[in-house]
Number of protein chains: 2
Amino acid sequence: MYKPKLEKDIRCPLEYGLEIFGGKWKSRIICVLAEKKTLRYSVLRGEMSNITDAVLAATLKELLADGIVFRQQFNEIPPHVEYSLTDKGKSVVPILQSICQWAGIYHHENTECSLPQCQKCDYHSKK
Amino acid sequence: MYKPKLEKDIRCPLEYGLEIFGGKWKSRIICVLAEKKTLRYSVLRGEMSNITDAVLAATLKELLADGIVFRQQFNEIPPHVEYSLTDKGKSVVPILQSICQWAGIYHHENTECSLPQCQKCDYHSKK
DNA sequence: CCGCATCCCTTTGGATACTG
DNA sequence: CAGTATCCAAAGGGATGCGG
């Protein structure tokens with residue numbers, strides 16, 4: 001039985017912001033796109049181990065709706081789709097950087113990302 | 001029936017950070033404590049409309065475990081408990097500030113917090 | 001006064017199979 | 001290639017009532 005989504009609480013800007021990039025895969029997708037600039041769907045999925053299509057597609061949809069990513073469809077043979085960050089999307093990267101820096105100070109046990117696909121977090125400390 | 005928590009994924013610093021203050025009430029609690037410095041449990045609850053004891057207590061426990069808040073118990077008559085931010089907790093406030101600023105730019109529909117208890121978000125723009 | 005126990009509902013994330 | 005459909009599991013959040 002389908003149940004319509006309940007009216008969301010009115011949220012302050014802070015909570016709005018956390019909604020945008022606070023999801024389980026969202027920050028990771030933003031990081032990857034920030035580093036690689038433009039990626040096809042299948043390549044993007046390859047960069048994120050263990051994510052399934054259902055989840056990746058749903059997450060990209062949200063990011064698209066929130067204006068974080070840009071989606072370009074190529075109706076060639078074979079067809080493909082490319083994703084990249086919008087300006088809005090790019091503007092969150094410094095915030096993710098600062099979170100990563102902060103966490104690096106306190107999260108001693110695992111300062112280096114141990115997930116290969118998460119080496120993209122290195123983006124935050126590079127340069 | 002009690003079910004043990006599954007082993008958490010290994011997370012990069014960024015995701016660790018989002019875990020700390022990304023929960024539904026966490027940022028709000030941090031904001032309130034950042035402004036009021038020290039609050040009794042009951043007063044803190046009063047500052048957050050609609051939160052229930054079960055949720056507030058659980059959230060405070062997490063923040064305590066993560067070293068964000070400090071808990072001082074007074075075994076007087078009547079007994080009470082006071083919560084305040086640790087140094088680690090205080091150090092996340094600038095990050096919340098930057099998120100709030102960023103969101104203010106893009107979240108035009110609701111730039112001003114419309115929840116009274118969330119006027120604490122003004123903390124981020126004050127001064 | 002503070003906060004836990006219990007039970008329940010909603011939301012989110014995921015596995016598998018399948019399609020334009 | 002780039003997803004959707006379906007079904008399901010787990011976690012988060014919440015209401016109520018009790019206990020130190």
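Note that the structure is predicted; figures quoted are calculated from it, not measured. Chain naming here is simple, since letters A, B, ... match the order of the sequence lines and numbering starts at 1 in each.
Considering only side-chain N and O atoms, A/K24 lies nowhere under 4.0 angstrom from the phosphate OP1 or OP2 of D/dA11. Checking the phosphate oxygens (OP1, OP2) of D/dG3, a side-chain nitrogen or oxygen of A/R71 falls inside 4.0 Å. The shortest distance between the side-chain N/O atoms of A/W25 and the OP1/OP2 oxygens of C/dT12 is not below 4.0 Å.
The aromatic rings of B/F74 and B/H80 sit parallel to each other, their planes meeting at less than 30°, with 60° as the upper class boundary.
Relative to the side chain of B/T52, the nucleotides C/dC4, C/dT16, D/dA15 differ in distance, and D/dA15 lies closest. In the set D/dG13, D/dA15, D/dG3, the nucleotide with an atom closest to the side chain of A/Y41 is D/dG3.
Side-chain contact of B/D53 with B/Y41: a donor-acceptor pair under 3.5 Å is present, judged by distance alone.
To the nearest angstrom, P of D/dG13 lies 13 Å from CG of B/L60. Distance CG (B/D53) to P (C/dC1): 12 Å, rounded to an integer number of Å. Atom CG of B/L18 is separated from atom P of C/dT12 by 16 Å (rounded to the nearest Å).
Taking 4.0 Å as the cut-off between side-chain N and carboxylate O, B/R28 and A/E15 count as a salt-bridged pair.
A/Y83 comes within 4.0 angstrom of the backbone, heavy atoms only, and of no base. Counting any heavy atom pair closer than 4.0 Å across all strands shown, A/V55 reaches a base atom.
Comparing the helix axis at one end of the helix from C/dC1-D/dG20 to C/dG20-D/dC1 with that at the other, each defined from 5 consecutive pairs, gives an inter-axis angle of 50° (nearest 10°).
Contact between A/L64 and A/V69 at its shortest, heavy atoms only, is CD1-O, 3.3 Å.
With sequence neighbours excluded, no residue forms a side-chain contact (heavy atoms from CB on, under 4.5 Å) with B/K61.
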